[in-house]
Amino acid sequence: MQQNQARLNITINGQNGDFPDPVAFALSDTEIKRIAAEAIRTGYVPSIDPVAADLAYFVVDRFPATREMPARLMLRPKTPFGEPQR
Amino acid sequence: MTQRTVTIIGAGALGSHLLLFCRNWDVALRVVDFDRVEAKNTASQFHSAMGMGKNKAKALQSAMQGLFKRKIAALTSKLTDDNQSELLGGSDLVIDCTDNFAARQCIQDYCSSAEIPCLHGALSAEGDLARVVWSEHFVADQEGQPGQATCEDGQNLPFHGLAASLIAQIAQQYLADGTKQSWQLTPFAMVRLT
């Protein structure tokens, strides 16, 4: 993996897997969601069942590389448990 | 040596179960929640029919005393910008088990300014993802879309237990040797974040 690249990890429907190819760390959230949606739809992500995924409410956490771990982009559902505040 | 204080804020799906796994820690435990136990809570939280109608923190105080003879402090105020110091101050560790953006932001801001280590636990509405993340890496999500599931029927109860166990494991490791790890959890997979 090159210095400006990251591993893209995807969580959807309680399943989790890594997108097989490295991606640019600087990709926008919109671009990441586009890549992920296509990969999920076509079954390209190991451990995630193919599905037409609506990722509009998903978020991307960005973790730069450390000595222990490579750079990672974590695409996941939001985690607000409970009803939206009124 | 003075006993350390651990504050758990939020005594719902995560916080109530977390308390079970902290019961043998050699720390002073403090639980904060302003809400009351409703019948629906008994399906998805560690609250029983005996606690119904009581404040959640008080109900857990009674339950922990009755079941395990474990003393905990119960604080029953709602967290605001004006009482952060009263509810969270003096803690050696704060564990955020709240369920909304405003509270998480308030906790994160206070702990950052007071230099109190803070571990956040967060569940997705569908019960298919939990995040357990130290404050320096945590980004509180804005609320989800209207009409989301809230799992009040207890369908995701085993996953709540897994998530609460993970919070306890990470906090216990921190208390033992200062190690800070962040993880995310799905029902059948764990991924280390930091």
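The figures here come from the full heavy-atom set of this structure, side chains too, leaving out hydrogens, waters and symmetry mates. Each chain gets a letter, A, B and so on, in the order the sequences are listed, and its residues count up from 1.
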*B/Q45 vs B/K56, side chain to side chain donor-acceptor pair (under 3.5 Å): CA-CA, chis, key distance, verdict*: CA-CA 10 Å; B/Q45 304 177 11; B/K56 285 185 176 178; 3.1 Å; yes
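Under 4.0 Å is where a charged nitrogen must lie from a carboxylate oxygen, and between A/D29 and A/R34 no such pair does. Salt bridge annotation for B/K54-B/D35: absent, with no cationic side-chain nitrogen under 4.0 angstrom from a carboxylate oxygen. Under the 4.0 Å criterion applied to side-chain N and carboxylate O atoms, B/R192 and A/E68 are assigned as salt-bridge partners.
Using modelled atom types, one finds a donor on one side chain and an acceptor on the other under 3.5 Å when comparing B/H120 with B/S135. A side-chain donor-acceptor contact under 3.5 Å links A/N16 and A/T11.
Using a 4.5 Å cut-off between heavy atoms, B/L193 touches chain A through backbone and side chain atoms alike.
Most heavy-atom pairs under 4.5 Å with chain A: of the set B/D128, B/T186, B/D141, this distinction falls to B/D141.
Contacts from residues 42-51 of chain A to chain B, taken as heavy-atom pairs separated by less than 4.5 Å, involve no residues at all.
In this structure, the side chain of B/R70 does not engage the main chain of B/L20 through any donor-acceptor pair within 3.5 Å.
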